[in-house]
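First comes the structure, then the notes that go with it.
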Amino acid sequence: MDVALDPTLGCGQAHRWRKNGDVWEGVIGNDAADIRQTEDGLEFSGTSESALKHYFRAEDDLKVIYSDISSRDNHVSSLAVMCPGMRILRQPAWECTATYILATNANVKRIGCMIDSVCRELGRDIGKGRASFPSPADILEGIDRIDSCRLGYRKDRLIMLAQIVEDGILDPEALKEMDYPECRRTLLGVTGIGPKVADCVCLFAYGHLEAFPVDARISRSLEKVYGVRGGYDRLAAFGRERFGSYAGYAQELLYHSDIIMRSRSQAHSGGEHPI
DNA sequence: CATCAACCTGATCA
DNA sequence: ATGATCAGGTTGA
């Protein structure tokens, strides 16, 4: 399995990975996993190889996927060359849905803070100072401690989500059987899940690789690179039509390149040299 | 279907 | 130092 850890774990599709030296520390399911990139693969502890392969979607043939989206678009083609080994993850359905409900209208840093505190306050200790992402029952049982997580208006949305899952009104497992349109439609029925979150969950949890989530970054990229502008549906449709059945991979490449570009331009803009 | 203000909170900027 | 603005959106009018 060819995978580049840095772009895969560091580009914001999953929010719980932190790089400590050359080791990526995080949580996969209930495993406190540590992963390190070596010359010829991965070195890992705290989890199993099968769990790792599942999480990294080892069955995705990057060669096929990259060449498909590259053949459709020159810009993405050059990004693919610059960023080999970036993979879409397969995150646990419940966790992914809950974290993306929390990840609305906040910057990356704050999203990380919110999710960390939710795990710390409501999840279970899994060793190495890490905690699992809380189950719906964990959240409902610890509901009196949730204020300390400072989720703002996301708090009620998270509680409602936990409640409908606990009540069996929404079954994250059942959505695995659905195709992309049905999965998306079902998710959109949940309070707090709009088109962007629905597409993220479709892509990062349910493996609908044709999903093309449009966030603020992608919106900027599409305008800058392709001169396309418009509302959510228009931009998402553009992405799916242009990049095809692996539009989600193209989206991640565009997203990742925007991070690189913006961090570069910031570094050259001057004016932010503290001390 | 497009537009728009309001919404928790914490960081950044003027 | 203190107020405005913004940040990986969603909702309801």
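In what follows, every heavy atom counts, from backbone to side chain, and hydrogens, waters and symmetry copies are set aside. Order of the sequence lines fixes the chain letters, A, B, ..., with proteins taken first and strands second; residue numbering starts at 1 for each chain.
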Original post:
Counting any heavy atom closer than 4.0 Å, what does Val190(A) reach on the DNA or RNA strands: base, sugar-phosphate only, or nothing?
Top reply: sugar-phosphate
Original post:
What's the CZ-P distance between Arg154(A) and dC7(B), to the nearest Å?
Top reply: 14 Å
**OP:** Between dA2(B) and dG8(C), how far apart are the P atoms? Round to whole Å, please.
**Re:** 24 Å
Original post:
Starting at CG of Asp233(A) and ending at C1' of dG9(C), how long is that distance when rounded to a whole Å?
Top reply: 14 Å
Subject >> Euclidean distance, atom CG of residue Leu235(A) to atom P of dT3(B) [Å, nearest integer] >> reply: 11 Å
Original post:
Paired with dT9(B) by Watson-Crick or G-U wobble geometry, both distances under 3.5 Å: which nucleotide is it?
Top reply: dA7(C)
Original post:
With sugar-phosphate meaning primed atoms plus P, OP1 and OP2, does Pro195(A) contact a base, only sugar-phosphate, or nothing at under 4.0 Å between heavy atoms?
Top reply: sugar-phosphate
Original post:
Starting at CG of Leu151(A) and ending at C1' of dT10(C), how long is that distance when rounded to a whole Å?
Top reply: 16 Å
Original post:
For Leu102(A) and dC7(B), what is the distance between atoms CG and C1' respectively, to the nearest whole Å?
Top reply: 15 Å
Subject >> Rounded P spacing from dA6(B) to dA4(C) in Å >> reply: 14 Å
**OP:** Using a 4.0 Å heavy-atom cut-off across all strands, classify Cys149(A) as base, sugar-phosphate, or nothing.
**Re:** nothing
Original post:
Taking NZ, NE, NH1 and NH2 as the nitrogens, is one of them in Arg18(A) or Glu25(A) under 4.0 Å from a carboxylate oxygen of the other?
Top reply: no
Subject >> Nucleotide opposite dG12(C) in a Watson-Crick or G-U pair, distances under 3.5 Å >> reply: dC4(B)
**OP:** Output yes when Glu59(A) and Arg90(A) qualify as a salt bridge under the 4.0 Å nitrogen-oxygen rule, no when they do not.
**Re:** yes
Original post:
Do Asn105(A) and Tyr153(A) pass the side chain to side chain donor-acceptor pair (under 3.5 Å) test, and can you show the C-alpha distance, the side-chain angles, and the key distance before you say yes or no?
Top reply: CA-CA 10 Å; Asn105(A) 197 29; Tyr153(A) 51 73; 3.2 Å; yes
Subject >> P spacing across the pair dC8(B) / dT2(C), given as an integer number of angstrom >> reply: 25 Å
**OP:** Just call it for Gly192(A): base, sugar-phosphate, or nothing, with non-hydrogen atoms closer than 4.0 Å on any strand.
**Re:** sugar-phosphate
**OP:** Using atom CZ of Arg234(A) as one end and atom P of dT3(B) as the other, report the distance to the nearest whole Å.
**Re:** 10 Å
**OP:** Whole angstrom is fine here: how far is it from CD1 in Ile101(A) over to P in dG9(C)?
**Re:** 14 Å
Subject >> Rounded distance in Å between the C1' positions of dA5(B) and dT5(C) >> reply: 15 Å
**OP:** Verify whether one side chain among Tyr255(A) and Asp215(A) offers a donor that lies under 3.5 Å from an acceptor in the other.
**Re:** no
Subject >> Donor-acceptor pair present, Tyr255(A) side chain and dG8(C) base, under 3.5 Å >> reply: yes
Subject >> OP1 or OP2 of dC8(B) under 4.0 Å from side-chain N/O of Arg150(A) >> reply: no
**OP:** Apply the test ring pair (Phe, Tyr, Trp, His ring centres under 6.0 Å) to residues His15(A) and Tyr100(A): give CA-CA distance (whole Å), side-chain angles for both, the deciding distance (0.1 Å), then the verdict.
**Re:** CA-CA 9 Å; His15(A) 304 89; Tyr100(A) 272 95; 5.1 Å; yes
Subject >> Nearest-Å distance once atom P is located in both dT9(B) and dA1(C) >> reply: 24 Å
Original post:
Can you check whether Tyr153(A) stacks with the dA6(B) base, using ring centres under 5.5 Å and planes within 30°?
Top reply: no
Original post:
Start at the 5' end of DNA chain C and walk down; is the nucleotide closest to Asp215(A) or to Leu188(A) reached first?
Top reply: Asp215(A)
Subject >> Side-chain donor or acceptor of Arg154(A) paired with backbone N/O of Leu102(A) under 3.5 Å >> reply: yes
**OP:** Just call it for Gly194(A): base, sugar-phosphate, or nothing, with non-hydrogen atoms closer than 4.0 Å on any strand.
**Re:** sugar-phosphate
Subject >> Nearest-neighbour nucleotide for the Ile111(A) side chain, dT10(C), dG8(C), dC8(B) considered >> reply: dG8(C)
Subject >> Closest listed nucleotide, where the reference is the side chain of Ala216(A) and the choices are dT10(C), dG8(C), dC8(B) >> reply: dG8(C)
Subject >> Distance, rounded to the nearest Å, where Arg157(A) contributes CZ and dT10(C) contributes P >> reply: 8 Å
